[in-house]
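Lettering follows sequence order; numbering is per chain, from 1. Computed from a predicted structure; not experimentally measured.
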Number of protein chains: 2
Amino acid sequence: MNRLSLRGFDFDQIYGNLRSDPPDSARQDRGMDTPELCGACPVKQQSLCGGLCNSDLSTLNRSGRRHRLRRGDTFCWAGEDSGACANVLDGMLKVVAVTPEGAERTVGLHHPADFIGNPYRDTSEYTITAVTDVELCLFPRSSFDRLLAESHDLERELLRRTLASLGDARSRILTLMHTSAEAKVAGFLLELAGRAGNRAARGSLDGPLTFDLPLTRGEMAEVLGLTIETVSRQLGQFKAAGIVALPALRTITIRDADALRRLTLALN
Amino acid sequence: MNRLSLRGFDFDQIYGNLRSDPPDSARQDRGMDTPELCGACPVKQQSLCGGLCNSDLSTLNRSGRRHRLRRGDTFCWAGEDSGACANVLDGMLKVVAVTPEGAERTVGLHHPADFIGNPYRDTSEYTITAVTDVELCLFPRSSFDRLLAESHDLERELLRRTLASLGDARSRILTLMHTSAEAKVAGFLLELAGRAGNRAARGSLDGPLTFDLPLTRGEMAEVLGLTIETVSRQLGQFKAAGIVALPALRTITIRDADALRRLTLALN
DNA sequence: CGCGGCCTTGATTGGGTTCAAGCTTAGTGG
DNA sequence: CCACTAAGCTTGAACCCAATCAAGGCCGCG
């Protein structure tokens, strides 16, 4: 995993250069773009910003910067100063707890329009890592906190998003508790399909839907509380049953979403 | 489970009388007390109210009412209008999701100083039920929402509490994922002991600590994602190992907290 | 006394982990 | 362009922990 690094706010300066790639010469490309108007924002409505008045929005806009992470880059490390917060514009990140023994446990995922950051805390409790290439709208903590202290609207939106995250966490608890591996994998595929489907601007899942799996088998296992072997076997069974096709390792076609839905309900 | 019922805001009036006990004549006793000053509040500092300015506090104080629930009473039902929110002053409640099949899954617990309610939503997603006798400081939704719209402080405190709940939920996810039944039960006993210990104003857990188990074996199983038999067996083993004593069915003595801590770490 | 919760204990079963190969794919460098 | 490598994936076999099924004990209460 590579450290996040951005102009005027360089983790490497503080913690030493632990990056393994890419070299500095390449960093300009994937690094910070010039400030853009929110007009180009793909999640304008769904994100935090959707509920802000124009004055707050333009304040945020002035401090926000586009930033890209590559698959495997980490946004912030558990226990360390986070220094920035961000809206997810595109891609997917995982929220990982590191146990005392060093094992990694994924406690959640972040999707486009989600907010990442730790308001009122200096350090992050979790490590947040990109599982796909990710595009962020990134705010320095200082200016975000300043606006947060002033803006009632921003705080309300943040509260809304936090409540949504709490709902996510609780539904994850439900799936972890008493569901079979089959139901877990089926449900997760449906969730991914839903996001991939929405992205393609087709809300329904009637016909077959093909999309890239953003996570490796191992990452899926981590999210679902299973082992990599079990996930692989379940996918194999779904394929054998004709419910899905696996045209490539990281590509899947949902052929029978209803069958998956039925499996999700079974043995609840 | 009995419906919450309070003067001027009577669920029975709306939904019909589903109470099984107690009769109306008895309700006066456990019902609403006269408004009290926050000076008598046992969780003044730790709760929402701790971060409020005097003006907001007195506004809340005017609309807040003490209210008691008995073990088994439910504060609000999943999918129905909640109508009120509250601070927990004393006791313990469980947050329960009801599956389409009617099975109940506990996704969380509420303790003293916790806030219960669904800001920005009309209905609760979960059923919240008292697992012990509970004392609440209860606010009608209308007046709470009104203050929430005005008070930056109240919103910030609510955000803080929600972030704390999110942390709780995520640590629950961690314990549900890859921990053995032994570690789950050991960890839960430590959690309960911590609360019972704090209550007795002794932060440490060095000597033996005896306290009443607020939950039945079945409720513990529900929280931990286990079966009642497994919980019972684990307690039996701890007892056989001399780690705990069980002087009565619902009473426990922690004799060796360190042994429990070691079990929590093992097979992480 | 008998009934119904709640709890304990035993025997059996099964789903998922673990251990162990081997395979596929992507990325790298000659 | 191909060979090499490492990471990711699949598949098989054995084991083990917790669920399940089943029976009986304890206790409060009508």
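- As rounded to whole Å, 12 Å separates atom C1' of dT17(C) from atom NZ of Lys184(A).
- Atom CE of Met177(A) is separated from atom C1' of dG16(C) by 19 Å (rounded to the nearest Å).
- Between the side chains of Thr253(A) and Thr210(A), a donor-acceptor pair is found at a separation under 3.5 Å.
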(message) For Asp73(B) and Arg70(B): C-alpha separation, side-chain torsions, deciding distance, then whether salt bridge (charged side-chain N to carboxylate O under 4.0 Å, His left out) applies.
(response) CA-CA 5 Å; Asp73(B) 288 351; Arg70(B) 299 221 300 219; 5.4 Å; no
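- The stretch residues 224-247 of chain B touches DNA chain C through Glu229(B), Ser232(B), Arg233(B), each having a heavy atom within less than 4.0 Å of the strand.
- Mapped onto DNA chain C by nearest heavy atom, Ala248(A) and Ala181(A) fall at different nucleotides, with Ala181(A) at the one closer to the 5' end.
- Here dC6(C) presents its P atom at 13 Å from CG of Leu215(B), a figure rounded to the nearest Å.
- In this entry the distance linking CD of Glu182(A) with P of dT17(C) reads 14 Å, nearest Å.
- Taken from CZ in Arg105(A) to CG in Leu176(B), the straight-line distance is 12.0 Å, to the nearest 0.5 Å.
- The side chain of Arg250(B) sits closest to dC7(C) out of dC7(C), dG16(C), dC9(D).
- Note: CZ (Arg217(A)) to P (dC9(D)) measures 5 Å, nearest angstrom.
- Contact of the Val185(B) side chain with the Phe238(B) side chain is registered, since non-hydrogen atoms from C-beta on lie closer than 4.5 Å.
- In this structure, CD1 of Ile252(B) is placed 10 Å from P of dT8(C), rounded to the nearest angstrom.
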Show me, pair by pair, the donor-acceptor contacts under 3.5 angstrom made by side chains of residues 164-174 of chain A, not counting sequence neighbours?
residue   : atom : partner   : partner atom : Å
Ser165(A) : OG   : Arg161(A) : O            : 3.3
Ser171(A) : OG   : Asp168(A) : O            : 2.9

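- Between Glu222(B) atom CD and dA19(D) atom C1' the separation is 16 Å, expressed in whole Å.
- Between the CZ atom in Arg250(B) and the CZ atom in Arg217(B) there is a gap of 7.5 Å [rounded to 0.5 Å].
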